[in-house]
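What's counted below: heavy atoms across the whole structure, side chains too, no hydrogens, waters or symmetry copies. One-based numbering along the sequence shown.
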Amino acid sequence: MQDKVMSIGIVCDLTGLTERQIRYYEERQLVFPVRTKGGARKYSFDDVERLKEINSKLRDGFHTFELRKGGRACGE
């Protein structure tokens with residue numbers, strides 16, 4: 001599902017990641033939340049799956065720059 005409707009807190013609950021980790025992945029251009037007028041990040045279910053995949057690959061020894069190659073993020 002592509003609709004960006006979830007807050008970062010919900011994404012933390014669904015992925016087991018911390019807000020800091022999620023923000024880092026955004027800074028490294030691995031995930032692309034939309035921003036509300038107030039600046040809050042909103043994520044889709046696709047973003048949740050992407051974050052899980054990113055975290056798994058990083059645990060397997062990949063580097064963020066490797067995951068960014070060839071597309072917006074791994075799996076694309």
Side-chain angles (χ1 to χ4, degrees):
M1 178 183 243
Q2 300 268 347
D3 294 339
K4 306 237 181 197
V5 296
M6 289 180 275
S7 69
I8 197 167
I10 300 292
V11 175
C12 290
D13 290 342
L14 294 173
T15 62
L17 299 171
T18 65
E19 287 187 23
R20 183 175 180 203
Q21 287 173 297
I22 294 168
R23 288 184 181 123
Y24 175 75
Y25 298 157
E26 179 186 0
E27 288 170 14
R28 302 302 294 172
Q29 298 179 351
L30 298 173
V31 66
F32 302 89
V34 296
R35 296 288 186 126
T36 65
K37 289 180 183 180
R41 294 168 174 87
K42 293 293 181 180
Y43 298 86
S44 68
F45 285 102
D46 289 343
D47 292 329
V48 169
E49 292 307 313
R50 184 174 298 120
L51 285 163
K52 288 179 184 177
E53 184 178 355
I54 290 165
N55 190 52
S56 175
K57 288 186 182 243
L58 290 173
R59 287 176 173 234
D60 288 343
F62 285 85
H63 298 278
T64 56
F65 72 88
E66 294 173 304
L67 301 180
R68 205 171 38 243
K69 286 183 183 176
R72 289 178 59 191
C74 62
E76 290 189 39

R68 to R28 - nearest heavy-atom pair and separation: NH1-O, 2.5 Å
More than 12 heavy atoms of other groups within 6.0 Å of R35 CZ: yes
Path from V34 to M6 over hydrophobic side-chain contacts below 4.5 Å: no
Connected via hydrophobic side-chain network under 4.5 Å: Y43 and Y24: yes
Partners meeting side chain to side chain contact (heavy atoms under 4.5 Å, CB included) with S7 (sequence neighbours left out): I10, K42
Audit row: E26, R23, salt bridge (Lys or Arg N to Asp or Glu O under 4.0 Å) steps and yes/no: CA-CA 5 Å; E26 179 186 0; R23 288 184 181 123; over 6 Å; no
Euclidean distance, D46 CG relative to K4 NZ, rounded to 0.5 Å: 8.0 Å
Heavy-atom side-chain contact between T64 and L58 under 4.5 Å: yes
L51 to T15 - nearest heavy-atom pair and separation: CB-CG2, 4.3 Å
Backbone N/O of S44 and side chain of D47: donor-acceptor pair under 3.5 Å: yes
Interatomic distance, I8 atom CD1 to R41 atom CZ [nearest 0.5 angstrom]: 5.0 Å
Closest contact, heavy atoms only, I22 versus C12: CD1-SG, 3.8 Å
Set of residues satisfying side chain to side chain donor-acceptor pair (under 3.5 Å) with respect to Y25, sequence neighbours excluded: N55
Salt bridge E53-R50, side-chain N to carboxylate O under 4.0 Å: no
